[in-house]
Amino acid sequence: MKVPEKNPLETEKNNDINDVSLYRKKKKKAKRIRNLIILLVVILALIPVWIYRDTIFEPLRGIASRISTTTAQSEGYPISLTGRNDYSFCPLGDGFSLLSDTYLYSYNENGGQNFALQHGYVHPMTVSNSKRVVIYDKGGHDFSLFNKTSEIFKQNIPDEVIVSVFLGSSEHTAVVTSGGRYSNVIYVYDGGGKWQYTQRFIDDNVMQVAFSDDNRFIYVTRVTSDNGDIVTKLSKYDITGDGTELWTQTISDCVTLALSVNGSTLTVTGDSEIRTYNTDSGEPIGNYSYQGTIENFDALSSKKAFVLDNYTDGGKKLILLDEKCEVTAQAEVSSDVKRIRVVDNSVIVMTESDITQYDYSLVSVKKTLLTDSYSDFIKVGGSILLMGYDSLDCIQL
């Protein structure tokens, strides 16, 4: 039996249908590939934005509350400190903040004024990190967080008085208060001024608070009495969950002067010794007991610098410790050291007559004679700012 031949028109029609179907499949596949490429490009573009989000969006923080008032239009040094009161200054971004009994000032590194805010606090105090500055009314109820151009937030604790304030490496703020049934209460706020955590103490007096690098934990030193003896307790708290105390260490016969976190190392500086601990476990890393009286120190970084007076040889020693509290270098220094700071891989010491930069072997790198009397200094950019009686001066090391 002969099989009938296919109709040429029908065959051509079927081929056309197959071609259209194949074309549509190819078009859909090309569209999916294009969309996938676009999605990958967007993701790759967003990755650096996410990594550097703090830097990118920093100019927008507090833009609605940007402070435009100033008291000086000129730029440069010296900066006059009129109506001399107890001024204090702190590094802030690429410039610095200056606090008086009536104003909070923000300056750029060239001495130009960003703003001047009349704060209205009775007993103003300040604390800062590289990007933020907090001012608070000690013995009052108010505190505020600023960047170099704006007020980020202002908060009030109405029923208790503020004893001290501590600022994390980013924007988290710990406010220590007293009043009511508790000796001290710690309130933690995030960078927007939103309350996050509270820790209360019935008998202990809080000395210092420090934040972990990721702001998940706080470390607290507090002083209490044990059968008439002074005891310092060091504790770690989880502020993201139920506030659990994770570990506690006890230091006998020691009052703490400072508390700092540097990576996985927690440093407790006391009046009789310095100790370091592992931030995760609380296990001791090292300790160093002072052979004499501590007169000045800077223990915020991995290197700890101290000026000690042992009253025996008429001089004073500058001692440098590592994270294990082991002495790595020491040198004789003048008997009138006013301030010491560890910054940019060097140790800078200010006396009545000069300011000297040492390397980490405590070898003098450069000495600059001072022509006036100064009470304090900070490093801003490549300059040293000096706090005088009625002016703020600038020198280059």
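Below, all heavy atoms of this structure are taken into account, side chains as well, without hydrogens, waters or symmetry copies.
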Enquirer: Using a 3.5 Å distance criterion without hydrogens, assess whether the side chain of Asn184 forms a donor-acceptor pair with backbone atoms of Val206.
Expert: yes
Enquirer: Can a donor-acceptor pair be found, under 3.5 Å and without considering hydrogens, that links the side chain of Thr221 to the backbone of Gln208?
Expert: yes
Enquirer: Around atom CG of Asn278, are there more than 12 heavy atoms of other residues, nucleotides or ligands at under 6.0 Å?
Expert: yes
Enquirer: For this output row, return yes or no: ring centroids of Tyr290 and Phe306 closer than 6.0 angstrom.
Expert: yes
Enquirer: Less than 4.0 angstrom from a charged side-chain N to a carboxylate O is my criterion; do Glu295 and Lys316 meet it?
Expert: yes
Enquirer: Quick one: does NZ or CZ of Lys236 land under 6.0 Å from the six-membered ring centre of Tyr219, within 45 degrees of the ring axis?
Expert: no
Enquirer: Both conditions, 6.0 Å and 45 degrees, for the charged tip of Lys154 above the ring of Phe143: are they met here?
Expert: no
Enquirer: With Val333 as reference, evaluate Leu362, Asn296, Val307 under the side-chain contact (heavy atoms from CB on, under 4.5 Å) test and give the passing residue.
Expert: Val307
Enquirer: Looking at Tyr374, is its backbone amide N or carbonyl O close enough to the side chain of Lys338 to form a donor-acceptor pair, meaning the two atoms are under 3.5 Å apart?
Expert: yes
Enquirer: Does this structure show an ion pair linking Lys379 with Asp344, if we count only N-O contacts that are shorter than 4.0 Å?
Expert: yes
Enquirer: Taking Thr70 for its side chain and Ala116 for its backbone only, find out whether a donor-acceptor pair lies under 3.5 Å.
Expert: no
Enquirer: Is Gln249 reaching over with its side chain to a backbone N or O of Gly282, donor-acceptor style, under 3.5 angstrom?
Expert: yes
Enquirer: For atom CD1 of Ile202, decide whether the heavy atoms of other residues, nucleotides or ligands shown that lie under 6.0 angstrom number more than 12.
Expert: no
Enquirer: Between Asp94 and Lys148, does at least one N-O distance fall below 4.0 Å, as a salt bridge requires?
Expert: yes
Enquirer: Ignoring hydrogens and geometry, is there a side-chain-to-backbone donor-acceptor pair from Thr328 to Leu320 under 3.5 Å?
Expert: yes
Enquirer: One thing to verify: whether Asp354 and Lys366 come together as a salt bridge, which I'm taking to mean a side-chain N less than 4.0 angstrom from a carboxylate O.
Expert: no
Enquirer: For Gln196, enumerate each residue passing the side chain to side chain contact (heavy atoms under 4.5 Å, CB included) test, keeping only those at least two apart in sequence or located in another chain.
Expert: His172, Val188, Asp190, Ile239, Thr240
Enquirer: Between Asn129 (side chain) and Ser170 (backbone), is there a donor-acceptor pair under 3.5 Å?
Expert: yes
Enquirer: I'd like to know if the side chain of Ser183 reaches the main chain of Phe201, judged simply by a donor and an acceptor atom lying under 3.5 Å from each other, with no hydrogens or angles considered.
Expert: yes
Enquirer: For Ile230, look at atom CD1 and say whether over 12 heavy atoms of other residues, nucleotides or ligands are found less than 6.0 Å away.
Expert: no
Enquirer: Count the heavy atoms belonging to other residues, nucleotides or ligands that lie under 6.0 Å from CG of Asp159, then report whether that count exceeds 12.
Expert: no
Enquirer: Whether the side chain of Glu160 engages the backbone of Gly179 through a donor-acceptor N/O pair (distance < 3.5 Å, no angle test) should be reported.
Expert: no
Enquirer: Establish, for the pair Arg341 and Phe377, whether the NZ or CZ atom is under 6.0 angstrom from the six-membered ring centre and no further than 45 degrees off its axis.
Expert: yes
Enquirer: Listed by chain and number, what are the side chain to side chain contact (heavy atoms under 4.5 Å, CB included) partners of Ser364, not counting sequence neighbours?
Expert: Thr356, Tyr358
Enquirer: Looking at Gln113 and Thr71, would you say the former's side chain and the latter's main chain have a donor-acceptor pair under 3.5 Å?
Expert: yes
